[in-house]
**Student:** 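Mind looking over this structure? Questions follow.
Please read these numbers as outputs of a predicted model, since none were measured by experiment.
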Amino acid sequence: MYLVCGEALFDFFSETEADGPASRVNYKAIAGGSPFNVAVGLRRLGVESALFAGLSTDYLGRRLQRVLLDEGVSGQYLRDFDAPTTLAMVAVGANGSPHYSFRGEGCADRQLNAQHLPVLGPDVRGLHFGSFSLVVQPIADTLLALAQRESGRRLISLDPNVRLNPQPDIELWRSRIATLVKYADLIKVSDEDLSLLYPEAEPAAVIDGWLQHRCQVVFLTRGGQGATVFSRQHGSWSLPACPVDIADTVGAGDTFQAALITWLTEQQLDSIEGLQTLTRDQTSAMLEFAIRAAALTCGKTGPDLPYRRQLG
């Protein structure tokens with residue numbers, strides 16, 4: 001089982017009507033949040049997963065719980081809170097890229113604290129951390145404590161997935177990511193994330209610094225330009241993106257992350273030791289699998305992650 005840690009929320013996509021009155025805005029709400037998506041994405045790709053998250057007892061929180069259970073995500077690490085569900089208002093740009101505005105202060109997904117840290121059994125082979133839960137309190141310190149406790153014992157993956165709307169302090173992001181990379185075995189990061197975190201630095205230089213810790217491999221996603229892998233043992237190389245008619249890119253990075261973990265699991269390499277034995281060809285195969293999976297998500301509206309059968 002892979003334990004994904006962080007937020008669960010509802011994305012509200014505006015549906016504009018060209019001839020409708022300006023006083024009316026229609027929305028389509030879709031369950032989401034980067035960690036939520038990764039947990040669901042893993043199950044759709046055939047990997048047992050659980051989500052460590054705070055869920056509201058309100059209507060939307062119960063809907064999130066229902067989605068997780070319907071998808072087969074284990075609910076044993078979910079915690080209930082009498083607080084609202086976070087809402088993310090999403091506007092999609094002309095190139096399919098999403099722009100977010102979050103309503104999350106005091107919401108349920110931020111309420112996890114030290115007393116909620118779970119005891120993990122041997123069935124949990126790895127943990128994934130990512131997105132704004134890394135930098136909003138009290139959950140941020142809770143997840144950091146969990147990463148510190150489990151690093152070196154189970155496979156740890158990290159995706160910064162920087163979102164400045166819920167936490168605009170980029171220095172806080174830099175500080176927390178710099179701390180977390182010391183505990184991660186595998187990191188996935190987008191070129192957009194790196195441009196926000198380190199606008200004056202070359203991506204390769206930043207990633208080389210990350211590889212000086214325990215991390216074995218970093219995957220840099222570059223949208224329509226494909227992705228590049230940086231391996232401690234085998235150097236760096238790139239693969240192109242798959243051609244796709246883009247609906248939007250919401251959930252593409254989460255799909256990429258879930259696909260990386262899935263590939264490792266299917267090859268029985270989902271462990272610290274397994275990651276250290278990856279050959280160059282195996283790493284390329286993992287990257288190619290993740291690129292194909294992400295392309296399927298880009299062809300659909302919202303975070304509609306693919307199923308294993310769709311990838312052959």
**Student:** In the structure I gave you, are the side-chain heavy atoms of Ile291 and Glu288 within less than 4.5 Å of one another anywhere?
**Tutor:** no
**Student:** What residues, two or more places apart in sequence or in another chain, satisfy salt bridge (charged side-chain N to carboxylate O under 4.0 Å, His left out) together with Arg103?
**Tutor:**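 Partners of Arg103 under the salt bridge (charged side-chain N to carboxylate O under 4.0 Å, His left out) test: none.
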**Student:** Could you give the distance from CG (Leu3) to CD (Glu150), rounded to the nearest 0.5 Å?
**Tutor:** 9.0 Å
**Student:** Got a sec: does the CG of Asp123 have more than 12 other heavy atoms crowding it under 6.0 Å?
**Tutor:**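 Enclosed.
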**Student:** When the side chains of residues 40-64 are checked against the rest of the protein, which donor-acceptor pairs come out under 3.5 Å, sequence neighbours left out?
**Tutor:**
unit_1	atom_1	unit_2	atom_2	d
Arg43	NE	Gly72	O	3.0
Arg43	NH1	Val47	O	3.4
Arg44	NE	Glu71	OE1	3.2
Arg44	NE	Glu71	OE2	3.3
Arg44	NE	Tyr307	OH	3.4
Arg44	NH1	Asp304	OD1	3.0
Arg44	NH1	Leu305	O	2.7
Arg44	NH2	Glu71	OE2	2.7
Ser49	OG	Ala39	O	2.8
Ser56	OG	Asp58	N	2.9
Ser56	OG	Asp58	OD1	3.0
Ser56	OG	Asp58	OD2	3.2
Ser56	OG	Ala83	O	2.4
Asp58	OD1	Leu60	N	3.2
Asp58	OD1	Gly61	N	2.7
Asp58	OD1	Thr85	OG1	2.8
Asp58	OD2	Thr85	N	3.1
Asp58	OD2	Thr85	OG1	3.3
Tyr59	OH	Arg63	NH1	2.8
Arg62	NE	Ser56	O	3.3
Arg62	NH1	Gln65	OE1	3.3
Arg62	NH2	Ser56	O	2.9
Arg62	NH2	Asp80	OD1	2.8

**Student:** Where do Val67 and Ala31 come nearest, in terms of heavy atoms and distance?
**Tutor:** CG2-CB, 4.3 Å
**Student:** Can you name the side chain to side chain contact (heavy atoms under 4.5 Å, CB included) partners of Ser271, sequence neighbours left out?
**Tutor:** Arg125, Glu273
**Student:** Tell me whether Gln111 contacts the main-chain N or O of Cys107 through its side chain, where contact means a donor paired with an acceptor under 3.5 Å.
**Tutor:** yes
**Student:** Find out whether Leu164 and Val162 are in side-chain contact, i.e. whether some heavy atom of one side chain is under 4.5 Å from a heavy atom of the other.
**Tutor:** yes
**Student:** Are there over 12 heavy-atom neighbours, none belonging to Gln225, within less than 6.0 Å of that residue's CD?
**Tutor:**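 Open: at most 12 neighbouring heavy atoms sit under 6.0 Å from CD of Gln225.
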**Student:** Quick one: salt bridge (charged side-chain N to carboxylate O under 4.0 Å, His left out) partners of Asp141, sequence neighbours excluded?
**Tutor:**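 Only Arg176 meet the salt bridge (charged side-chain N to carboxylate O under 4.0 Å, His left out) criterion with Asp141.
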**Student:** Quick one: OG1 on Thr142 to CG on Leu134, what's the gap to the nearest 0.5 Å?
**Tutor:**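 The distance works out to 11.5 Å.
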**Student:** Measuring only between side-chain heavy atoms, which start at C-beta, is Leu311 closer than 4.5 Å to Leu296?
**Tutor:**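 The answer is yes, as the side chains (C-beta and beyond) meet within the 4.5 Å cut-off.
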**Student:** Looking at every non-hydrogen atom in both residues, tell me the closest pair between Ala241 and Gly224 and how far apart they are.
**Tutor:**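 In this case the closest contact between Ala241 and Gly224 is CB-O, 3.6 Å.
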**Student:** Restricting to side chain to side chain contact (heavy atoms under 4.5 Å, CB included), what partner residues turn up for Ala290, sequence neighbours left out?
**Tutor:** Phe256, Ala259, Leu260
**Student:** Quick one: do Arg110 and Glu105 make a salt bridge, cutoff under 4.0 Å?
**Tutor:** yes
**Student:** With heavy-atom distances below 4.5 Å as the criterion, would you say the side chains of Thr86 and Phe10 are in contact?
**Tutor:**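 Thr86 does not reach Phe10 side chain to side chain.
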**Student:** Starting at CD of Gln282, measure out to CG of Leu264 and round the result to the nearest 0.5 Å.
**Tutor:** 9.5 Å
**Student:** Is a donor on one side and an acceptor on the other found under 3.5 Å between the side chain of Asp193 and the backbone of Asn161?
**Tutor:** yes
**Student:** Cut-off 3.5 Å, side chains only: do Thr228 and Trp237 have a donor facing an acceptor?
**Tutor:**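 No - no donor-acceptor pair under 3.5 Å links their side chains.
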**Student:** Is there a side-chain contact between Phe36 and Val73 in this structure, where contact means two heavy atoms from C-beta onward sitting under 4.5 Å apart?
**Tutor:**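 No, every pair of side-chain atoms sits at 4.5 Å or beyond.
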**Student:** My understanding is that only residues two or more places apart in sequence, or in another chain, count here; which of them pass salt bridge (charged side-chain N to carboxylate O under 4.0 Å, His left out) with Asp11?
**Tutor:**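 With sequence neighbours excluded, Asp11 shows a salt bridge (charged side-chain N to carboxylate O under 4.0 Å, His left out) to no residue whatsoever.
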**Student:** Can you list every ring pair (Phe, Tyr, Trp, His ring centres under 6.0 Å) pair that touches residues 62-87, not counting sequence neighbours?
**Tutor:** Phe81-His116
**Student:** Would you check if the side chain of Ser151 reaches a backbone N or O of Gln148 as a donor-acceptor pair within less than 3.5 Å?
**Tutor:** no
**Student:** Any idea which heavy atoms bring Leu186 and Gln257 closest together, and the distance?
**Tutor:**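 What the structure gives for the nearest pair is CD2-NE2, 4.0 Å.
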**Student:** Any luck finding a side-chain donor-acceptor pair between Ser34 and Ser131 under 3.5 Å?
**Tutor:** no
**Student:** What's the separation between atom CG in Leu158 and atom CG in Leu143, rounded to the nearest 0.5 Å?
**Tutor:** 11.0 Å
**Student:** Taking only residues two or more places apart in sequence, or in another chain, which ones meet Arg280 in a salt bridge (charged side-chain N to carboxylate O under 4.0 Å, His left out)?
**Tutor:** none
**Student:** Got a list of side-chain donor-acceptor pairs under 3.5 Å for residues 198-218, not counting sequence neighbours?
**Tutor:**
unit_1	atom_1	unit_2	atom_2	d
Gln212	NE2	Asp208	O	3.0
Arg214	NE	Asp185	OD1	2.8
Arg214	NH2	Asp185	OD1	3.0

**Student:** Sequence neighbours excluded, which residues qualify as side chain to side chain contact (heavy atoms under 4.5 Å, CB included) partners of Thr179?
**Tutor:** Leu144, Tyr183
**Student:** Can you sort out the partners of Arg66 under side chain to side chain contact (heavy atoms under 4.5 Å, CB included), two or more places apart, ordered by chain and number?
**Tutor:**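 Residues passing side chain to side chain contact (heavy atoms under 4.5 Å, CB included) with Arg66: Asp70.
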**Student:** Could you tell me the separation between the CG atom of Leu127 and the CD1 atom of Ile261, rounded to the nearest 0.5 Å?
**Tutor:** 9.5 Å
**Student:** Does a side-chain heavy-atom distance below 4.5 Å link Ile187 with Ser157?
**Tutor:** no
**Student:** Give me the atom names and distance for the closest heavy-atom approach of Gly32 to Asn37.
**Tutor:** CA-OD1, 3.5 Å
**Student:** Decide yes or no for Ser238 and Arg222: does some side-chain heavy atom of the first lie under 4.5 Å from some side-chain heavy atom of the second?
**Tutor:** yes
**Student:** Of all heavy-atom pairs between Glu192 and Ser195, which one has the smallest distance, and what is that distance?
**Tutor:**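 For Glu192 versus Ser195, the nearest heavy atoms are O-OG, 2.8 Å.
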**Student:** Is there a side-chain contact between Phe219 and Leu287 (heavy atoms, below 4.5 Å)?
**Tutor:**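 The answer is yes; the side chains approach within 4.5 Å.
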**Student:** Do any N or O atoms from the side chain of Ser175 and from the backbone of Glu171 form a donor-acceptor pair under 3.5 angstrom?
**Tutor:** no
**Student:** Assigning hydrophobic clusters by single linkage (Ile, Leu, Val, Met, Phe, Trp, Tyr; side-chain heavy-atom cutoff under 4.5 Å), is Ile272 placed with Leu146?
**Tutor:**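 No; tracing contacts between hydrophobic side chains, which count when under 4.5 Å, never links both residues.
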**Student:** So, are Lys188 and Asp159 salt-bridged, with charged N and O less than 4.0 Å apart?
**Tutor:**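 Salt bridge flag = yes for Asp159 with Lys188.
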**Student:** What's the separation between atom CG in Leu275 and atom CD in Gln233, rounded to the nearest 0.5 Å?
**Tutor:** 9.0 Å
**Student:** For the backbone of Ala252 and the side chain of Thr249, can you confirm whether one donor and one acceptor N or O come within less than 3.5 Å of each other?
**Tutor:**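 Pair absent, no side-chain N/O of Thr249 close to backbone of Ala252.
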**Student:** With side-chain contact (heavy atoms from CB on, under 4.5 Å) as the criterion, how do Met1 and Gln76 come out once you've worked through the C-alpha distance, each side chain's angles and the decisive distance to 0.1 Å?
**Tutor:** CA-CA 12 Å; Met1 176 187 289; Gln76 70 183 103; 4.0 Å; yes
**Student:** Which residue pairs pass the ring pair (Phe, Tyr, Trp, His ring centres under 6.0 Å) test when at least one of the two sits in residues 122-164, sequence neighbours left out?
**Tutor:**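 As it turns out, the ring pair (Phe, Tyr, Trp, His ring centres under 6.0 Å) pairs with a partner in residues 122-164, which skip direct neighbours, are Phe102-Phe132.
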**Student:** Starting from Leu9, can I reach Leu69 by hopping between I/L/V/M/F/W/Y residues whose side chains sit under 4.5 Å apart?
**Tutor:**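 As far as the 4.5 Å side-chain criterion goes, Leu9 and Leu69 are not connected within one cluster.
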